[in-house]
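Comments concern the structure below.
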Amino acid sequence: MAFGKGHHLHLIDGSAFIFRAYHALPPLTRKSDGLPVGAVSGFVNMLWKTVEDNRGPDAPTHAAVVFDKGSHTFRNDLYDQYKANREAMPEDLRPQIPLTRDATRAFNIACLEQEGFEADDIIATLACRARDAGARVTIVSSDKDLMQLVGDGVDMFDAMKNLRIDSDGVVAKFGVTPDKVVDVQALAGDSVDNVPGAPGIGVKTAALLINEYGSLEDLLERADEIKQPKRRQTLIDNADQIMLSKKLVTLDCDMDLDYALDSLEVKEPIADELLGFLTEMEFRTVTRRIAEALNVEVPVIPEEESSATSPSDPPEAIPFDATGYTKVNDIKALEEWIARAHARGYVAVDTETTALNEMTAELVGISMCIEPGQACYIPLTHKASAADDLFGSNELADDQLDLEDVLALLRPMLEDPSVLKIGQNMKYDAKIFARYGVSVAPIDDTMLMSYAMHAGLHNHGMDLLSERYLGHHPIEIKSLLGSGKAQITFDRVAVDDAVKYAAEDADITLRLWQAFKPELHKKHVTTVYETLERPLVGVLADMEMTGIKVDREVLSKMSNAFAQKMAQLEDEIHALAGHSFNVGSPAQVGEILFETMGLSGGKKGKNGKYSTPADVLEDLATEHELPGRVLDWRQIQKLKSTYTDALQDHINTDTGRVHTSYSIAGASTGRLASTDPNLQNIPVRSEEGRRIREAFIATPGHTLVSLDYSQIELRILAHIAGIDALKEAFLEGQDIHAATASEMFNVPLDEMTADVRRQAKAINFGVIYGISGFGLARNLRIPRDEAQGFIDRYFERFPGIRAYMDNTVTFAKEHGYVQTLFGRKINTPEINNRGPHAGFAKRAAINAPIQGTAADVIRRAMIRMPDAIAKLPAKMLLQVHDELLFEVEESAADDLIAVAKDVMEGASMPAVDLTVPLTVDAGKGANWAKAH
DNA sequence: CCTGTCACG
DNA sequence: GACGTACGTGACAGGG
């Protein structure tokens, strides 16, 4: 059938893939000869993902990858400065260019390029022809230069963001329909391609003009009608340059191409050719993945001397194979495993349970591994049948050892100081064992090892680590439990399936441990792991198991009061709007405000709906009553749903307390994160919200004590950046924000106004976050230039801050990570990105050492705390980044404060002797509101 | 399942 | 010259 209606053509912008891959990935070389292949590797991954993502009903019938060829094109003849400011191609990218062509052919996808033309022109010509033939076209690219082609069945697809761009998307980007995009580009110019355009006119203004005058030609003809004198003159003076720009940005839709669209028909890759190319490149991970997807044997790539944690190069070692996994169902076999663990001195351990919540989960089985490939699973409380039906099927499955017998045998080994227990997220297993009376120690944790080495690179879940560092895709828990409503608990899993799954987990854990252990040294994070990660596991497990008492009555009364208040507000809002609607739907609120009521300032989000965040509503509140009421409603709805309602469900029925879970490896900076429930974001800033803290109480005869570091991040900044003026202010115990204001604006401290202090405070915080004029302006609600003025002044007075920021970014660019004072590394893989993401990465890099050092300090305090308060009738309950909350017998409260304060204030010592004092404020009371 | 919104440090 | 921007988190509701 000839190409035409019903067909779907994919045109992939290959050059964009290459550059994206090159800049996004660390340099990577082929092991055998050092050939740079990082960009090829990224290119292959992106191409494979595109192929995989495009199976299914909307699959392309025809496809091609299109590349640029040669640097001289017809545009250079038109304008010799075209793309003249392009940097030369990096040396290590050049040899990879032909390899990307080879890769494309290996995938059996048409590979198109033509001397003297840009990829964009080929794409344009093919897209136009396909469209005219009645077919659909998807251009896989996010390049704005291609947006002029959109419409009439031609879409774009941004593979990075997984975002389809249609006419509406183009309107969102350029403010005009696709057919007018070239007009806007001609006016706005393009600094990247060195298209001149009209000086002083950007996309916004250009779109405004084109929409008003209809077309570029009409605009230039009627330029004398423009009201703004500067703009008018610019257009009149630069008319020729603008028309030239239009020629430069207009894609050639009518190239001579010596192939027909039919020839681009999609063909399945030929396994031999594709895998041949991949093995030649020595891409182990992707070779395996693609071989598995194509259902062919994974080719063996000869192993050179290799680093175990290089993602492109996982160890091939012993293949994963369930035949080495055994079920332990007699005492003798169990004793043998225990003896082997003793003999070896270490054992990987994993528990299988009925739930993710360690406080309610019941033990179902235990797996162990001592040697890669050899692992066992001890089923304990598996049920006889897969479902809990009417016929009393809650009976245990046959052939399982008795839980108590097994624990009695395992306990000496699990508690033996000479046997290291290795786990992935050991806090979970340790808590489970603790509930069965076994205190597991000592431990190693592969999740935390990965965190110490790879924070900022990726998450540290076992499946991901296995895939990335062992090249093995583990059995998914979903395949055993199912998902959604039909999900079963692990005790309903057939024992034979459980053996394969659980033994494999222990096997993976052991292999990860073997791979990571030597890497900790090589990456110089052993101290971090040993002093800031590993010792925290037991401390947090204890805190979590202790929990905090929460008064259900208090919460429930507040919920009722909130419900009434919400109903009342809803009535008022509906009356103001003139009809009833869902106040909880931002989309509907936006419609009411910006359409029904015709207020201005409505912005639409990426889903095409109005966005109605608090700051927008606050601005609108001056014009109308409704936005303010919506804000009130939202605040109460938040308090009710997230706190007064949800917290009640988290009160443990056995303990009457709430037991959060802290993730140690969740936040890249070293901070903890609290989940189920999050007790690190209990309201405090608003009066109404703060009352929720009254529900967090001490048991009778006890009191809650809260200790928090005062301005810890600013102090750390003052130390790291060496800002004498700030240090002095801290040493003298001054109000730091007032002192900053005084220094900046030359106002004596005793004449300081609250407003000036507030501005200085915002700047102080801004600096920690990697300040920008825009951000400060928004925060302080002042004009941007004014905010920039503040910042300039701040840098003038504290030049060390600027130096710190610059040095940190430079360090990150050079090393790919930044560090805290205690040696914690936070990887910064995006620091060399260009474009809009660059700013993000820089600010994150600036913030990470400060936030991370503060996180390290409180970790050190927490690790020392149990010993320090051992003789006091006190327990540490919660951590909220710079605050520790304790429960203590009333009579000992002041003793506790004295001891804990010392530990916290001295936490950096002896490793780091800060040149600013750390000070801790203390409070106590019957509830958290009073203690804070 | 993703997005918007908002709670905390 | 314009663009898009404060850092780090987690939970909930709406909506396709």
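Every chain is numbered from 1, with letters handed out A, B, ... down the list of sequences.
Looking at heavy-atom distances under 4.0 Å, Ile771(A) makes contact with a base. Nucleic acid contact class of Gly200(A) (heavy atoms, under 4.0 Å, all strands): sugar-phosphate only. Using a 4.0 Å heavy-atom distance criterion, Gln588(A) is classed as a sugar-phosphate-only contact. Glu713(A) comes within 4.0 angstrom of no nucleic acid atom, judged by non-hydrogen atoms across all strands. Heavy atoms of Ala646(A) sit under 4.0 angstrom from primed sugar atoms or phosphate atoms, though from no base atom. As judged by a 4.0 angstrom heavy-atom cut-off over every strand, Asn681(A) is placed among the base-contacting residues. Ala614(A) comes within 4.0 angstrom of the backbone, heavy atoms only, and of no base. No contact: Phe765(A) has no heavy atom under 4.0 Å from any strand. Residue-level contact check: Asp882(A) touches the backbone only, with heavy atoms under 4.0 Å from sugar-phosphate atoms and none from bases. No engagement by Gly770(A) is indicated, since no non-hydrogen atom pair under 4.0 Å with the nucleic acid exists.
Remark: Arg843(A) is in phosphate contact with dC7(C), judged by side-chain N or O atoms under 4.0 Å from OP1 or OP2. The side chain of Arg671(A) contributes no N or O atom lying less than 4.0 Å from OP1 or OP2 of dG9(B). Here Arg634(A) does not reach the OP1 or OP2 of dC12(C): none of its side-chain N or O atoms lies under 4.0 Å away. In this model, the phosphate group of dC8(B) is approached by a side-chain N or O of Arg685(A) to a distance below 4.0 Å at OP1 or OP2. Dashed line: the shortest gap from a side-chain N or O of Ser611(A) to OP1 or OP2 of dT5(B) is under 4.0 Å. Close to dC8(B), at under 4.0 Å from its OP1 or OP2, lies no side-chain N or O of Ser686(A).
Aromatic ring orientation, His454(A) versus His460(A): parallel (interplanar angle below 30°, classes split at 30° and 60°). Aromatic ring orientation, Phe765(A) versus His737(A): tilted (interplanar angle from 30° to 60°).
Protein atom CZ of Arg690(A) is 10 Å distant from nucleotide atom P of dC8(B), rounded to whole Å. Between the CD1 atom of Ile636(A) and the C1' atom of dA13(C) there is a distance of 17 Å, rounded to whole Å. Atom C1' of nucleotide dT5(C) and atom CD1 of Ile846(A) are separated by 12 Å, given to the nearest angstrom. At whole-Å resolution of the value, CH2 in Trp928(A) and C1' in dG9(B) are 11 Å apart. Look at CH2 on Trp633(A): it is 10 Å from C1' on dG14(C), rounded to the nearest Å. In this structure, the CG atom of Asn582(A) is 14 Å from the C1' atom of dT5(B), given to the nearest Å. At whole-Å resolution of the value, CG in Leu717(A) and P in dG8(C) are 16 Å apart. The distance from atom CG of Leu631(A) to atom P of dG4(B) is 18 Å, rounded to the nearest whole Å.
Within a 6.0 Å sphere centred on NZ of Lys930(A), other residues, nucleotides and ligands contribute 12 heavy atoms or fewer.
The backbone N or O of Ala207(A) sits less than 3.5 Å from a side-chain atom of Asn211(A), completing a donor-acceptor pair. With Gln648(A) contributing its side chain and Thr644(A) its backbone, the two residues share a donor-acceptor pair below 3.5 Å.
Comparing His650(A) and Ala762(A) by the nucleotide of DNA chain C that holds the closest heavy atom to each, the one mapping nearer the 5' end is Ala762(A). Across the interface with DNA chain C, nearest-nucleotide mapping of Gly202(A) and Asn847(A) shows Gly202(A) to be the residue nearer the 5′ end.
Of all heavy-atom pairs between Leu248(A) and Pro196(A), the closest is CD1-CD, 4.3 Å.
Base pairing analysis places dC3(C) opposite nothing; no Watson-Crick or G-U wobble pair with both distances below 3.5 Å involves it. Within the shown strands, dG14(C) is the pairing partner of dC2(B) under the Watson-Crick or G-U definition, both distances less than 3.5 Å.
Straight-line distance between the P atoms of dA6(C) and dT5(B): roughly 14 Å, to the nearest whole Å. Here the separation of dG4(B) from dT5(C), taken at their P atoms, is 12 Å to the nearest Å.
Annotation: cation-pi geometry satisfied between Lys825(A) and Tyr817(A) (NZ/CZ under 6.0 angstrom from ring centroid, within 45° of ring axis).
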